[in-house]
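Note that the numbering runs from 1 along the sequence shown for the chain.
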Amino acid sequence: MRLASLFSALGLTGSVLELSTTDVDAYVERETPAARAGLLANIGPDGAKSHGALAGLVIASPSTHDPNYLYSWTRDSALVFKLLIEGLVSGDDPSFRGLVDAYVAVEARLQKTPNPSGPADQGGLGEPKFNINGTAFTSPWGRPQRDGPALRSTALMQYANWLLDSGNATYVQKTLWPIIELDLDYVAASWGQTTFDLWEEINSSSFFTAAVQHRSLREGSTIATRLQRRSKSQAYSIQADGLLCFMQSFWNSSASYIKANTGGGRSGLDANTVLAAIHTFDPAAGCDATTFQPCSDRALANLKAYVDSFRRVYPLNKRVAAGAPVAVGRYPEDVYYGGNPWYLATLAVAEQLYDALITWNALGALSVTPTSQPFFAQFAPGIAPGDYATDTETYTQLTDAIRAHADGFVAVVAAHTPPGGGLAEQFDRTGGRPVSAADLTWSYAAALTAFRGRRGGFGGGWGAWGLEAVC
């Protein structure tokens with residue numbers, strides 16, 4: 001199917017159609033190597049656009065003016081290296097081993113770098129970003145940001161488990177565990193305290209932060225047991241139980257969406273919650289609502305509410321048919337750089353849908369509940385709550401439509417990807433041209449994980465199955 005005919009089928013019209021006639025398969029095939037190259041170009045010291053960066057250090061973007069993103073954020077770096085580590089341990093790309101070891105070394109250094117948030121054992125791990133030469137960034141900023149240590153420990157625990165499986169316990173014990181333990185101890189001690197959200201704007205409690213902290217502590221409890229640190233394992237497990245209970249408080253049952261932050265005065269509809277779903281995806285957990293898995297009724301209801309909130313925000317979307325895929329941004333009230341769609345947010349919607357399809361296919365069925373019925377009714381009006389097995393016409397109808405819907409969000413990104421495949425942070429709300437920071441590393445990582453999900457791949461589980469929130 002050509003992209004033009006796909007857009008027509010999905011209800012996309014206007015200028016979007018004029019930008020490309022390439023189908024989504026061809027876009028993914030073309031953009032995959034471009035995104036990979038763009039991501040690797042932003043890792044020091046040899047990346048083509050990361051001159052001056054330490055070995056293994058990820059720059060957020062080579063942009064130095066309007067905006068200046070030539071820094072290394074702990075969060076962005078961890079998400080990038082989680083992807084690279086997943087590629088290494090799956091056997092897809094053994095060449096990443098040297099980069100991963102360089103990341104380990106530079107993050108161990110950054111952990112111990114004194115900064116405005118304090119020394120490592122007194123809050124310093126909440127420091128959000130560093131200069132690319134490894135020194136502290138000392139200007140005013142939104143501090144602390146408590147998601148970084150959780151995400152970094154999750155990335156490194158995947159590497160540690162792979163090395164343990166390979167018999168390399170010495171490196172894990174002497175090099176990786178001290179970094180992981182420092183991060184996990186920070187998470188365990190500080191998760192109940194306020195934090196700036198991942199957009200660095202609201203200082204309250206953040207759903208994304210809580211979700212990735214919960215995951216990290218569950219993984220930490222497991223690997224601590226494996227390394228014979230039983231007291232640590234128990235301590236992390238206890239704190240994870242508390243976090244899981246806390247996560248339930250973000251669910252707005254009356255409006256059927258996840259409120260992204262406890263403060264800030266906004267609606268709470270936010271890409272924060274969609275990113276949480278894809279970065280805590282565990283296929284073994286099925287469609288568990290307690291951990292807000294991508295195919296859970298809560299996560300699907302939230303996804304619909306989040307996407308719908310952008311339908312009339314951007315002029316770009318006003319030409320799109322009701323219910324069709326649209327460009328989405330951080331949150332509908334956003335004014336940063338004029339408040340535009342973000343590549344990584346639009347790709348995250350597609351990825352959550354691909355993750356849901358992976359799980360339904362593994363389960364052999366999907367369930368429609370009163371909470372998720374409005375989501376499924378987009379594809380089958382009037383559908384009744386119930387279970388639909390893979391051998392039913394309804395299952396086939398729904399999953400085919402949902403996959404096409406997911407592809408529609410990729411098609412939106414494709415329509416606003418310039419020749420050469422470069423992905424900026426945002427694209428203009430009216431005309432769709434790339435704006436803000438060019439070559440955003442997180443945008444490239446988001447493309448690669450979404451494309452992986454489209455192929456039926458994922459990054460691996462973390463022990464979400466069977467968890468209960470006993471509050």
Side-chain angles (χ1 to χ4, degrees), residues 146-147 150-151 153-154 157-158 161 184 187-193 205-226 229-260 262 272-303 352 355-356 358-360 362-373 375 385-387 458-471:
R146 303 188 195 277
D147 56 348
L151 291 165
S153 63
T154 282
M157 283 186 283
Q158 291 191 341
N161 279 313
L184 292 175
V187 173
S190 67
W191 68 261
Q193 301 174 36
S205 292
S206 161
F207 181 75
F208 176 83
T209 301
V212 299
Q213 287 175 328
H214 173 250
R215 172 178 177 165
S216 72
L217 290 174
R218 294 293 180 194
E219 292 175 299
S221 178
T222 300
I223 198 169
T225 296
R226 194 171 184 185
R229 268 89 167 169
R230 301 194 186 280
S231 62
K232 286 285 187 182
S233 175
Q234 184 178 18
Y236 297 152
S237 182
I238 290 170
Q239 295 304 316
D241 288 343
L243 256 168
L244 187 58
C245 281
F246 180 54
M247 286 170 59
Q248 311 314 304
S249 68
F250 289 89
W251 175 244
N252 183 337
S253 58
S254 62
S256 289
Y257 68 85
I258 305 164
K259 189 171 174 60
T262 59
N272 167 324
T273 59
V274 181
L275 291 164
I278 64 175
H279 289 298
T280 59
F281 176 40
D282 184 347
C287 297
D288 175 55
T290 303
T291 55
F292 298 86
Q293 289 300 301
C295 63
S296 68
D297 57 357
R298 287 177 169 182
L300 293 174
N302 176 75
L303 186 69
Q352 181 180 334
D355 289 348
I358 290 168
T359 308
W360 291 325
L363 292 172
L366 62 78
S367 295
V368 179
T369 73
T371 298
S372 62
Q373 194 276 341
F375 167 83
D387 297 330
F458 51 89
W462 52 273
W465 180 83
L467 296 176
E468 294 182 8
V470 182
C471 305

Is there a side chain to side chain contact (heavy atoms under 4.5 Å, CB included) between D147 and S206? Walk through the geometry before answering.
CA-CA 9 Å; D147 56 348; S206 161; over 6 Å; no
Gap separating the CZ atom of R226 from the CG atom of N161, nearest 0.5 angstrom
5.0 Å
Looking only at heavy atoms, which two atoms of T209 and R146 are closest? And how far apart?
CG2-C, 3.9 Å
If the plane angle is over 60° it's perpendicular, under 30° parallel, otherwise tilted; pick one for W462 and H214.
perpendicular
Let me confirm one number: the CZ-OG distance from R215 to S153, rounded to the nearest 0.5 Å.
9.5 Å
For V212 against A150, the heavy-atom pair lying closest together
O-CB, 3.6 Å
Minimal heavy-atom distance between Q293 and G286, with the atoms involved, is CB-O, 3.5 Å
Min side-chain heavy-atom separation L303-V274 under 4.5 Å
yes
Knowing that exactly one of F207, F208, Y257 qualifies, which makes a ring pair (Phe, Tyr, Trp, His ring centres under 6.0 Å) with F250?
F207
Kindly indicate, with the supporting measurements, whether the criterion side chain to side chain contact (heavy atoms under 4.5 Å, CB included) is fulfilled by L467 and T290.
CA-CA 8 Å; L467 296 176; T290 303; 5.6 Å; no
Under 3.5 Å: donor-acceptor pair, side chain of T225, backbone of S221:
yes
Is it true that the side chains of D282 and T291 contain a donor and an acceptor less than 3.5 Å apart?
no
Could you tell me if the side chain of Q352 sits less than 4.5 Å from the side chain of C295, heavy atoms only?
no
Separation between CD1 (I258) and CZ (R298), nearest 0.5 Å, reads 8.0 Å
Strictly distance-based, threshold 3.5 Å: is any side-chain N or O of T369 a donor or acceptor partner for the main-chain N or O of S372?
yes
In this structure, OG1 of T280 is separated from CZ of R218 (nearest 0.5 Å) by 12.5 Å
Quick check: does any side chain N or O of Q248 sit under 3.5 Å from a backbone N or O of L244, one acting as donor and the other as acceptor?
yes
Less than 4.5 Å apart, side chain to side chain, heavy atoms only: is that true for F292 and T273?
no
Do we see a donor-acceptor contact under 3.5 Å between the side chains of S296 and D288?
no
S254 and N252 side chains, donor-acceptor separation under 3.5 Å
yes
Verify the neighbour count for atom CD of Q234: are there more than 12 heavy atoms of other residues, nucleotides or ligands below 6.0 Å?
no
Kindly indicate whether the side chain of W360, heavy atoms from C-beta on, has any atom under 4.5 Å from the side chain of C287.
yes
Between A211 and A276, what is the shortest heavy-atom contact and its length?
CB-CB, 4.0 Å
Derivation of the side chain to side chain contact (heavy atoms under 4.5 Å, CB included) call for M157 and L184
CA-CA 11 Å; M157 283 186 283; L184 292 175; 4.1 Å; yes
Rounded to the nearest 0.5 Å, what separates atom CG in N302 from atom NZ in K259?
12.0 Å
Give the minimum heavy-atom separation between A299 and P294, together with the two atoms involved.
CB-O, 3.7 Å
Nearest heavy atoms of A301 and T371, plus distance in Å:
CB-O, 3.6 Å
